[in-house]
Every structure is written in C-alpha cells, then in structure tokens.
Amino acid sequence: MKWVWCFICFLLIACVSNAQDRYLKITTDCMIPASPFTNIYSIDNRSDNQLLGFLEGKKSGIESVSFNGNLTDTLAHIFVGQPLIGVETELVLILNELFLSGSENSGKFKLSMRLFSSRGTKAYTEILTVDSIYVIRGKNSNEKLLSSISDQLCEIRNRVIMDQNKTSENAFYYSLKELYDLDSLEKLKIPMYLTDKPARGIYKDYEHFKRNTPDIDTEIIIDTNDRKGIQVDRVFKNKNRKVKLDPTGIYAVSDGKKLIKVTSSGEFLEIRKQNFDFYYDRPGSFSSQEYPFAPNYFPGGGRIGTTRTGDLVIRLNKSDADNTPFYRFKINHRKGNSVPVSIVDKRR
C-alpha cells in the first residue's frame, strides 16, 4: 500500500504544480516586411528573476507566468533579418518591463522597451520607445492575452523597420557601451537617485519626487513601529498641532530621512534604495474577495490590474495571517510607476 500512497502524493503534487505555472510562448516568425537588421544586441534591465505576472482562472486558480529560455534573446530573434547590400544595420533592444495580469474576463500586458539602431556606424540613436499597457477583454481572455503578445511584438517589429531611418535633428547618439549602462547614466541625472537626504515634505507626483522638490514643504512625522502599519502625521506649527496625513492625491512623503510611498488605496510603505534603485514591499495574497475585477478601483485593497498611474499590481488584501507573502515593487525611474518584480520571503 505504501507505493499506492506515494503514487497518489505524486499525482497531487503534479496537479498543484500544473495549476501554479503557465508558460509564455513567443512566436518569432514575423516575416513581413523583411527586416534589414544583421546584428541584434539584447539588454535585459529587469530585476533578477523578475516576475512575469499572474493569471487567474475559475478552475485553475492563480497561475504564475514563466518563460522557458532567455527572454530578451528570444525577443531579439523577432527583429533578425537579411543584410542590405554594402550596409551593416544593427539594432539594440533594451527590455525594462514585461508583466501580465489577467482573469477569465479581462487581461493586461505591460511592456516597456526601447530600441536603438545604427546604420553603417557604431553610433546608435533611439527609434522607438514602448511604454504601453495592452488590454484584452471577453471570454477566455487569459488565452487571448497569451496569444496576443506575439502579435503585439510583431507590430512593434514592423514599426521599427518602417521608422529605422527616421531621426530628429536633436537626436542623441550613444555608443554600445553607453546603451548597456543607459539606465545608470539616466539615473545620474535624477536628483532623488543621487541624494542621501530626501527633502522633507509631500510629493504629489513623480516629477516632484525625482527632482527631490516636494510640492508642500512641511514637517512630517513617520512612525514605522506601529503594529497597524506605518503611521504618518503632518505638523501644523502655526496651529500648534499634528494630524493624520490624508493620503489622497499623494505620491510619496518624507521626514527628511525616510521615504514613504503612498499607494492608491491609501497605504504607507517604506521606500528603500538598493543598488541604485528604489523598491518597496507590499503584502498580498490570492484569497477570494467580494469585489469583482476592477483594475481602477481599490476598495481597501486591489486586484490584479492597473491603477490610474499605470501601476500593474497584484491583488492585495488586509490579511493579518502570518504567512501573507510580501511582493517587492520597483519604481520605474523614467515614469514613476511600479511593477512587482519578486516575492519576498518576509513576514509581518
């Protein structure tokens, strides 16, 4: 009987494993129009082991999305073509974000990538920037979402081919080495990424945050030791009192030492700088909620979807369970939106 139980356990484990993973397949045979690019360099600027997303099905539950192979190299194959006579045309593809989220009736695919070309020289100029959220609606939206990604990538390929010779008079030119370090070079021009002391006050949007110039210069008191979560107070000296900060319409706050991210649902989360990037951790779970899939609505939490600022988020709740996982979000240095990049082994 022992082998029977072992076999049953094996089947259970196999079923659970199959229900938790969905593999992303990308088709690279976009044949028309013909591509002129002979050499393709692919640069992956995502975090190590970054999440590719989650799909929610009625029967299968929550499935994490994975890719078998090197994602950026596969994307680069989409653009490979035949050389033009006497001209060596090169393309550099930089992948910053790729994240999927969906249910049976609605799905979203966030893609952030930049493409640079060089024709006969080693000076590269940007020909296309993609920062888009593609939306799929209707029945079987998960399947449609997965199959639509290759179509969207082919559309991007076609546009790159058509725009390869279009450059503006004010275009910047980069060497290949500069493109490999482009994120770091851009962050060196952003005051908040350079400072060790954020300015005290309230930042209503990302533009003020990255310039380290608060919209409202005011005294802020931050308590990170409260059991209920981070507490933030604003001090009104002229009235000699302090009040709980209303999170409405705020991107972030600082007391001059700590940085706090303010979410669309009114949570305060500590921002930490790591390896020249800003991250914050947020608890979440996949237990069912009474609210329908509503990507722009946060009734005390959220669902897999996108906020009005373009953030792609994991469904969250206020569970106090000790095993509630934490998700790490990375702030996009160009746009200010956040995307979950990993699951953090952390407990309250």
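As the structure is a prediction and not an experimental result, all values here were calculated from the model.
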query: Under a 4.0 Å N-O cut-off, is there an ion pair linking Glu270 with Lys258?
result: no
query: Roughly how far apart are Tyr134 OH and Ser148 OG, rounded to 0.5 Å?
result: 9.5 Å
task: Would you check if Leu188 and Leu194 make a side-chain contact, meaning some heavy-atom pair closer than 4.5 Å?
output: yes
field: Side-chain heavy atoms of Phe67 within contact of Ile26, under 4.5 Å
entry: yes
task: Keeping the roles fixed (side chain from Thr89, backbone from Phe37), state whether a donor-acceptor pair exists under 3.5 Å.
output: no
message: Between Tyr173 (side chain only) and Lys122 (backbone N and O only), is there a donor and an acceptor less than 3.5 Å apart?
response: no
- request: Using a strict cut-off of less than 4.0 Å between a Lys/Arg side-chain nitrogen and an Asp/Glu carboxylate oxygen, indicate whether Arg200 and Asp255 qualify as a salt bridge.
  value: no
field: Pairwise distance CD(Glu143) to CZ(Arg22) - rounded to 0.5 angstrom
entry: 4.5 Å
- request: Mark yes or no for whether Asp215, through its side chain, and Lys204, through its backbone, hold a donor-acceptor pair below 3.5 Å.
  value: yes
- request: Please answer whether the main-chain N or O of Asn70 pairs with a side-chain N or O of Thr74 as donor and acceptor at a distance below 3.5 Å.
  value: yes
message: Within the structure provided, determine whether Asp131 and Asn337 are in side-chain contact (heavy-atom separation under 4.5 Å).
response: no
task: Please name all residues satisfying ring-ring contact (aromatic ring centres under 6.0 Å, His included) with Tyr279, sequence neighbours left out, ordered by chain then number.
output: none
- prompt: Is a side-chain donor or acceptor of Glu97 paired with a backbone partner of Leu95 at a separation under 3.5 angstrom?
  reply: no
query: Is there a donor-acceptor pair under 3.5 Å between the side chain of Ser118 and the backbone N or O of Glu90?
result: no
field: Spatial distance of atom CD1 (Ile40) from atom CG (Leu75) [nearest 0.5 Å]
entry: 11.5 Å
- request: Measure the spacing between CG of Asp233 and NZ of Lys242 and express it to the nearest 0.5 Å.
  value: 5.0 Å
query: Just by distance, with hydrogens left out, do Asp246 and Thr248 show a side-chain donor and acceptor under 3.5 Å apart?
result: yes
query: Is the backbone of Phe329 close enough, under 3.5 Å, to the side chain of Arg282 for a donor and an acceptor to pair up by distance?
result: no
- request: Kindly determine whether Ser338 and Tyr280 satisfy side chain to side chain donor-acceptor pair (under 3.5 Å), including the steps that lead there.
  value: CA-CA 9 Å; Ser338 303; Tyr280 59 91; 3.0 Å; yes
- request: Give me the one residue out of Arg272, Arg46, Lys187 that meets salt bridge (Lys or Arg N to Asp or Glu O under 4.0 Å) with Asp277.
  value: Lys187
- prompt: Which distance, rounded to the nearest 0.5 Å, do you find between the CZ of Arg334 and the NZ of Lys210?
  reply: 10.0 Å
Ring centre gap for Phe209 and Tyr251 strictly below 6.0 Å: yes
message: Between Asn158 and Ile161 (side chain of the first, backbone of the second, donor and acceptor by atom type, cut-off under 3.5 Å), is there such a pair?
response: no
query: Got a donor-acceptor contact below 3.5 angstrom from the Lys144 side chain to the Lys139 backbone?
result: yes
